[in-house]
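In what follows, chains carry the letters A, B, and so on, assigned in the order in which the sequence lines appear, proteins first and then strands, with residues in each chain numbered from 1.
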Amino acid sequence: MDSTYQPKIIEKAAQDAWTKADVYRVVEHAKGKSGLPKPKFYACSMLPYPSGKLHMGHVRNYTINDVMLRHLRMKGFNVLMPMGWDAFGMPAENAAIANGAPPAEWTYQNIADMKAQMQPLGLAIDWTREVTTCKPDYYKWNQWLFLKMLKKGIAYRKTQLVNWDPVDQTVLANEQVIDGRGWRSGALVEKREIPGYYLAITKYADELLDSVHTKLGGWPSQVRAMQENWIGKSVGVRFAFTHNVSDETSGKLIQEGKLFVFTTRADTIMGVTFCAVAPEHPLAKHAAKGDAKVAEFIRNAQAGGTTEVELALKEKEGVATGLFVVHPLTQEKIPLWVGNYVLMTYGDGAVMGVPAHDERDFVFAHKYKLAIKPVIDLGKPYTIDAWQAFYAERGLCIHSGPMNGMPFEQAIDYVAAATKAGGGERKTTWRLRDWGISRQRYWGTPIPIIHCHGGPDSPGCGAVPVPEKDLPVILPEDLIPDGSGSPLKKDQRFIKCACPICGKPAERETDTMDTFVDSSWYFMRYCSPDAATSMVDARNDYWMPMDQYIGGIEHAVLHLLYARFWTKVMRDMGLVKFDEPFTNLFTQGMLSAECFYRADMAGKKRWYYPDEVTVTHDDKGRPTGAVAVDDGLPVTLGGMEKMSKSKNNVVEPKDIIAKFGADTARAYVMFAGPPEQSAAWSDSGAEGVHRFLKRLYTYGVWSKNASTGAPVKAFESLSAGAKKLRFEIHSILQQANHDYTRLQYNTVVSAAMKMLNTLDDCKTEQGADWQMARNEALTILLRTLYPLAPHLTWQLWHDLGYVAQYGEIIDAGWPLPDTNALERDELELVVQVNGKLRGHILVPKAASKEAIEALALADAGVAKHTEGKPIKKLIVVPGRLINVVV
RNA sequence: GCCGGGAUGGCGGAACUGGUAGACGCACUGGACUCAAAAUCCAGCGGUGGCAACAUCGUGCCGGUUCGAUUCCGGCUCCCGGCACCA
């Protein structure tokens with residue numbers, strides 16, 4: 001045993017031993033010592049994108065996972081912790097453009113690099129289950145399920161308005177449009193109608209929403225609320241205004257003479273003073289043909305980004321079409337406008353305008369001097385200035401003819417019934433849209449479709465699914481994108497093929513799937529990573545649904561919603577037997593760190609690295625400022641900010657491991673704060689944890705020399721002092737066990753520190769009973785700390801000879817508090833006078849209430865405050881306190 | 001605007017079902033060891049008054065319930081996160 005703590009040597013030895021014994025290989029239906037099957041527990045972290053660099057956020061995420069695994073494994077669970085790579089995606093393509101190398105090469109190199117950076121952390125990952133989403137044996141099943149969905153009508157092809165970058169020749173996601181320009185090319189983005197494949201997630205909208213309330217009890221309320229929000233259910237009425245506008249070329253009435261609108265406030269139908277349609281609406285397009293002003297308005301409205309934020313900030317504008325529609329109840333002629341605030345993608349792309357009871361309609365009507373007609377009695381004076389606060393309020397209908405006096409629900413029913421003949425009905429509308437999965441990108445799963453265009457003698461077979469036997473459609477890995485669209489479009493080897501139906505020359509679809517497809521089911525593939533003939537197999541039924549999913553809050557909607565949807569689709573195809581994939585979800589907080597800057601005359605900030613500055617304090621420890629090391633001049637304290645490269649406050653895991661070792665890195669990221677909250681990184685805090693581990697090692701060395709390894713038994717005969725030590729250790733253990741179950745790992749570290757402090761305090765005590773109690777305490781401390789600092793505790797467990805007595809630490813069983821140790825002969829009670837602490841008394845365990853009261857009143861500190869005052873009441877809380885009310 | 005979460009020393013944070021507020025750690029101050037420094041160890045460390053014992057105030061603000069409130073209830077303020085022309 002070395003005399004000093006040397007994490008590098010210890011961590012290498014521990015990891016070598018674990019690798020040799022293959023301890024983290026997990027099999028299904030494993031049995032415990034008793035011969036009974038162990039309960040399973042599947043704990044999984046969201047899979048990382050292989051950027052090539054492991055950061056502290058990863059360390060925190062995987063450490064939470066690892067601590068959970070080691071704790072539960074010691075408690076007798078069969079625990080799975082897998083790892084994989086979200087390996088498709090745009091960064092690889094961008095790197096490829098920059099480096100002139102294929103994305104595959106970059107990706108595989110990054111995976112190797114990240115794995116190497118993860119390795120020193122000592123994570124209990126079962127690497128035999130590694131999944132890499134860019135490998136054909138994985139994405140084959142994306143294609144396979146896609147074809148199944150196509151057959152069932154869950155996947156379908158449609159043409160829809162998207163952001164189009166004319167320079168890069170690709171569709172851009174809304175997030176990739178910045179100020180109306182392509183994020184990479186800088187070109188003005190156009191809106192184009194592009195055909196693509198969609199997954200009908202809206203078919204599952206009801207179930208997805210319903211389960212948020214009934215089946216996601218183990219999820220944070222914030223994430224549940226966000227999903228609910230995103231799905232966005234609105235209940236109302238859909239009905240039609242009529243018109244007689246017909247298309248010149250066909251002569252037919254546009255949309256059969258009906259302008260459908262959706263509203264949640266059908267009770268205000270008598271307050272309609274105009275209707276408005278989206279610029280893309282057929283009636284708007286028609287009006288544009290005959291009216292240059294309308295045409296120009298539509299052109300302007302379509303320029304610029306389509307993000308919801310941009311749209312929301314735009315001023316409400318419109319133009320009259322000169323057309324009129326007929327109100328279904330009053331037969332009144334209502335003017336039809338085109339409004340930039342009407343969304344083609346929500347409802348029918350048209351709204352009824354009720355300026356008196358809708359904020360947007362009011363602003364619009366006010367601007368264009370349209371009539372405003374109140375039809376709800378709110379019992380308040382109704383003036384233009386004052387009523388804006390009352391938009392959302394409900395009341396009885398007024399000025400509404402046959403609806404006068406009706407309350408909200410009755411009015412809604414009335415309108416649904418009265419418009420029924422014209423197609424009106426009660427209707428639920430969703431914010432959720434079908435999931436467009438086509439990307440004009442190279443580095444993704446090829447969509448398994450063949451386009452048969454036919455020739456002069458035949459019309460062709462159209463878009464033909466690739467037959468199942470021909471899967472996977474392999475993505476060529478050797479292409480180098482040049483930035484102008486997908487290189488697949490130029491790769492004849494890939495494109496040219498024969499039509500599976502007619503056998504004539506045809507072309508492969510060159511679009512690839514959104515990478516969110518890859519992450520929608522990888523956690524199931526971990527369960528049966530080598531299943532060659534099926535997507536998942538019986539092993540998936542054993543592990544899933546996942547018991548604990550751990551990841552960042554940034555995936556609260558997209559990934560977690562897609563994965564839930566994908567699971568339900570698989571269930572309906574008979575592939576899995578459960579409804580929801582993730583029983584419990586844990587969202588970890590992000591990491592922040594102190595930052596420092598100096599601003600120049602123009603206000604531009606120069607950010608300093610922490611080691612470039614010295615912070616000064618006053619004699620109470622308050623920071624008073626900071627100076628740069630190089631010139632000694634002051635720099636500004638920038639406070640705690642999210643770790644980011646631009647602010648030079650990123651802490652690299654490899655630096656921390658090199659300086660302190662993995663155990664310190666692990667224990668400190670847990671100790672820094674409650675895992676679900678954001679935590680502030682502090683170098684001196686990490687040093688503090690390292691100091692603790694050093695002290696523990698030093699104690700271990702002392703213990704080996706001082707103690708003869710006295711066996712832990714016969715606790716009844718201990719001296720009072722040794723009994724007190726046991727009481728303290730077991731009390732701390734009880735608290736630590738509770739904190740483990742609620743994943744509050746920060747206070748578990750505190751508990752281990754307290755145990756060591758307690759042990760250090762009684763080092764001078766001599767005698768066999770003390771040795772015995774200290775020995776027991778140390779076995780408890782090491783096991784309590786093991787999940788957080790597995791290397792050091794593994795080493796000490798060996799050095800102190802516990803392996804011979806109990807086996808390897810991971811197999812030694814989880815320590816439970818001994819109820820005998822928690823029993824005390826004397827209890828210390830707190831005495832309060834009028835709720836204020838005035839004294840402490842020691843009472844025998846079996847003391848009667850009267851005896852306790854007498855002792856309490858006799859206490860000097862208490863007597864001082866009760867003197868000369870009549871005692872109104874005495875409250876005795878058994879085992880805790882006495883409150884004297886005077 | 002809507003939804004969710006939060007506010008406790010100089011700092012990160014603790015206090016599980018109302019019961020000793022500030023555990024544990026950091027920073028800071030003083031001391032020991034040392035030629036010196038680092039490391040280590042010991043002591044102190046919410047504010048105010050006091051040499052001290054002690055007193056008094058104190059968990060964002062106002063009020064309530066209670067013998068007793070960081071914890072429960074009502075009303076605010078501020079901060080963080082998400083959504084947002086959704087008809």
- Can you check B:G9 for me, syn or anti if syn means within 90° of 0? syn

Tell which nucleotide pairs with [N], taking only Watson-Crick or G-U wobble pairs whose two distances are both under 3.5 angstrom.
| N | answer |
| --- | --- |
| B:C41 | B:G31 |
| B:A55 | B:U48 |
| B:G10 | B:C26 |
| B:A84 | none |
| B:C61 | B:G75 |
| B:U17 | none |

Check whether any side-chain N or O of [X] sits under 4.0 Å from OP1 or OP2 of [N], and answer yes or no.
| X | N | result |
| --- | --- | --- |
| A:Ser682 | B:C11 | no |
| A:His865 | B:A55 | yes |
| A:Arg224 | B:G5 | no |
| A:Arg431 | B:A84 | yes |
| A:Lys872 | B:C67 | no |
| A:Asn746 | B:G25 | no |
| A:Gln744 | B:A15 | yes |
| A:Arg880 | B:C67 | no |
| A:Ser221 | B:G5 | yes |
| A:Arg691 | B:C26 | yes |

Quick check for you: among [options], whose closest atom lies nearest to any side-chain atom of [X]?
| X | options | answer |
| --- | --- | --- |
| A:Asn340 | B:A55, B:C85, B:C24 | B:C85 |
| A:Val877 | B:G12, B:G19, B:C83 | B:G19 |
| A:Arg695 | B:C86, B:G25, B:C67 | B:G25 |
| A:Ile875 | B:A15, B:C67, B:C57 | B:C67 |

- Item | Parallel, tilted or perpendicular: ring planes of A:His690 versus A:Phe660, cut at 30 and 60 degrees | tilted

- Task: For the pair A:Tyr346 and A:Phe262, name the ring-plane relationship: parallel under 30°, tilted 30 to 60°, perpendicular over 60°.
- Result: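 Rings of A:Tyr346 and A:Phe262: perpendicular, over 60°.
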
In whole Å, measure the gap between the [atom1] atoms of [N] and [M] for me.
| N | M | atom1 | answer |
| --- | --- | --- | --- |
| B:G58 | B:A69 | C1' | 14 Å |
| B:U70 | B:G46 | C1' | 15 Å |
| B:U20 | B:U59 | P | 16 Å |
| B:U40 | B:C33 | C1' | 9 Å |
| B:G44 | B:G82 | P | 45 Å |
| B:U71 | B:U8 | P | 14 Å |
| B:A84 | B:C2 | C1' | 8 Å |
| B:G9 | B:G5 | P | 23 Å |

- Task: Report the residue (A:Thr747 or A:His840) whose heavy-atom-nearest nucleotide on RNA chain B is the more 5′ of the two.
- Result: A:Thr747

- If you pin A:Ser684 and A:Lys754 to their nearest nucleotides in RNA chain B, which one's is more 5'?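 Going by which nucleotide is closer to the 5' end, it is A:Lys754.
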
How many whole angstroms separate atom [atom1] of [X] from atom [atom2] of [N]?
| X | N | atom1 | atom2 | answer |
| --- | --- | --- | --- | --- |
| A:Met226 | B:C3 | CE | C1' | 10 Å |
| A:Met755 | B:G25 | CE | P | 14 Å |
| A:Met670 | B:G12 | CE | P | 18 Å |
| A:Lys642 | B:C79 | NZ | P | 21 Å |
| A:Gln222 | B:G81 | CD | C1' | 6 Å |
| A:Asn834 | B:C57 | CG | P | 12 Å |
| A:Leu874 | B:G68 | CG | C1' | 14 Å |
| A:Arg238 | B:A87 | CZ | C1' | 14 Å |

Please say whether more than 12 non-hydrogen atoms of neighbouring residues, nucleotides or ligands are located less than 6.0 Å from [atom1] in [X].
| X | atom1 | result |
| --- | --- | --- |
| A:Arg824 | CZ | yes |
| A:Lys849 | NZ | no |
| A:Lys763 | NZ | yes |

- When we call it a touch if two heavy atoms are under 4.0 Å apart, what does A:Gly347 touch: a base, just sugar-phosphate, or nothing?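 No contact.
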
- Counting distance only, does the side-chain N/O of A:Asp358 pair as donor-acceptor with the main-chain N or O of A:Arg360 below 3.5 Å? yes

- Item | Main-chain N/O of A:Asn61 paired to A:Gln588 side chain as donor or acceptor, under 3.5 Å | yes

- Query: Using the benzene-type ring in the case of Trp, are the ring centres of A:Phe274 and A:Phe364 under 6.0 Å apart?
  - Reply: yes

- Query: Do the side chain of A:Lys873 and the base of B:C67 come within less than 3.5 angstrom through a donor-acceptor pair of N or O atoms?
  - Reply: no

- Query: Within the modelled atom types, does a donor on one side and an acceptor on the other bring the side chain of A:Asn883 and the base of B:C67 under 3.5 Å apart?
  - Reply: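 Side chain to base: pair found, below 3.5 Å.
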
- Side chains of A:Leu208 and A:Trp430 in contact at under 4.5 Å (non-hydrogen atoms):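 Side chain of A:Leu208 against side chain of A:Trp430, heavy atoms only: no contact under 4.5 Å found.
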
